[in-house]
2 protein chains.
Amino acid sequence: MKELKQRSTCPISTSLDVLGDKWTLLILRDMVFAGKSTYGQFLQSAEKMATNILADRLAGLEAQGILSKAVAADKKSKFTYRLTEKGVDIVPILVELILWGAKHCPTIIDPSLLAELQTGKGAAIEKYQRLAREQALA
Amino acid sequence: MKELKQRSTCPISTSLDVLGDKWTLLILRDMVFAGKSTYGQFLQSAEKMATNILADRLAGLEAQGILSKAVAADKKSKFTYRLTEKGVDIVPILVELILWGAKHCPTIIDPSLLAELQTGKGAAIEKYQRLAREQALA
DNA sequence: TATATTTACTTGCTTTTTGCAAGTACAAAG
DNA sequence: CTTTGTACTTGCAAAAAGCAAGTAAATATA
């Protein structure tokens, strides 16, 4: 169990102590928007994260209670990672990052997802939170 | 002018390429919620950022068009940094980070700010965006 | 049953980034 | 014309990230 170093008591600062690096939120993105749940699936993302970094971040997210690890139903050599409620609450942050990036940076995004987020942000957030919870049950 | 390395075309990934480190969003927090605008003021935050990191991040934010630098009205040896519209659009991300941190981590937050964000998030976001724009005019 | 594959990491090493302390430059004040 | 304030820059050590190869246990295959 690795402890978290908090630089201050500010909530933004503390959130960044947990989530503020270049990889952590990409793992959560893959879980929420791509339905990924295993180590091997996370490694296959377009951004090509190194295996040791992935292992480190997954351990950190588990230590923070943002995701939970369990042996897969089908194979004993396989683990599935799922969001906890603390993790589900990160969805709004991901959505705001999508909207800002899509508006201000050269990116490629599924037009239907963008439209969904722009026309009914609250409903879309609830939808992806619900999907994440359902995966956590499956 | 330093160029941005994008790891992929994903909007979340790209947003993180710009904002996803432990210091950048703290500078923006200080501008939005503490009304700070100068190098010296940014150095005085509770998190004690190193001077070279601050200079590097300010240059990066300016290069990305998130903030603009101008000679101060009173002193020629002083610069003021202000948010552009691209920067003002980051306020919702900051607000979600505050809400998540305040809910799930041990932090200290002004109760009236928290209540404001919880009861009327949209209105609060617009208020702080407006304040940031007004500072940009002053 | 023996071998190969899948899945999930770990290890060692190099490169990059961060963090710290001291130094520089220039305008303004005394 | 020297001191102070403001904004950096530089050099070096420490930490983190990135890369390639190796390990280990469970499954599938021959």
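Side-chain atoms are counted along with the backbone in the values below, which use heavy atoms only and exclude waters and symmetry mates. Bear in mind the structure is a predicted one, so any value in this text is a computation, not a measurement. We name chains A, B, ... by the order of the sequence lines, and we start the count at 1 in each one.
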Next item on the list: Go through C/dG19, D/dA21, D/dA7 for me and flag the one nearest to the B/K78 side chain.
Entry: D/dA7
Margin query: Of the listed nucleotides (D/dG18, C/dT7, D/dC8), which one gets closest to any side-chain atom of A/S77?
Written below: C/dT7
Checklist line | Closest non-hydrogen atom pair between A/R7 and A/S13, with its separation | finding: NH2-O, 3.7 Å
Note to self: Output the rounded distance in Å from OH (B/Y39) to C1' (C/dT24).
What the structure shows: 12 Å
Check: D/dA17 P sits how many Å from B/D17 CG, rounded?
Finding: 15 Å
Item checked: Residue whose closest nucleotide on DNA chain D lies nearer the 5' end, A/K75 versus A/K48 -> A/K48
Checklist line | d(CD, A/Q41; C1', C/dC9) in whole Å | finding: 16 Å
Next item on the list: Quickly work out the B/L54 CG to C/dT18 P distance and round it to whole Å.
Entry: 13 Å
Item checked: A/D89/B/K103 ion pair, N-O < 4.0 Å -> yes
Margin query: Output the rounded distance in Å from NZ (A/K36) to P (C/dT7).
Written below: 14 Å
Notebook entry, point to check: Which of the following nucleotides, D/dC19, C/dC20, C/dC9, is nearest to the side chain of A/N52?
Noted result: D/dC19
Check: Is a side-chain N or O of A/Q41 found less than 3.5 angstrom from the main chain of A/S37, in a donor-acceptor match?
Finding: yes
Notebook entry, point to check: Should B/K69 be listed as having a side-chain N or O under 4.0 Å from OP1 or OP2 of D/dC8?
Noted result: yes
Margin query: Over all strands shown, is B/Y81 touching base, sugar-phosphate only, or nothing at heavy-atom distances under 4.0 angstrom?
Written below: sugar-phosphate
Check: Is the base of C/dT7 touched by the side chain of A/T38 through a donor-acceptor pair closer than 3.5 angstrom?
Finding: no
Notebook entry, point to check: Of the nucleotides C/dT18, D/dA21, D/dC8, which one has an atom closest to the side chain of B/I53?
Noted result: C/dT18
Next item on the list: Can you tell me the distance, in whole Å, between the NZ atom of B/K76 and the C1' atom of C/dA28?
Entry: 11 Å
Item checked: Closest contact, heavy atoms only, A/Y128 versus A/E116 -> OH-OE1, 3.3 Å
Note to self: Using whole Å, what does the distance between atom C1' of nucleotide D/dA16 and atom CG of A/D21 come to?
What the structure shows: 11 Å
Notebook entry, point to check: With respect to the phosphate group of C/dT18, does any side-chain polar atom (N or O) of B/W23 fall under 4.0 Å of OP1 or OP2?
Noted result: no
Next item on the list: Provide, to the nearest angstrom, the distance between the CZ atom belonging to A/F79 and the C1' atom belonging to D/dA26.
Entry: 10 Å
Check: Do the numbers put A/K36 on top of the ring of A/F42, so that NZ or CZ is under 6.0 Å from the six-membered ring centre and no more than 45° off the axis?
Finding: no
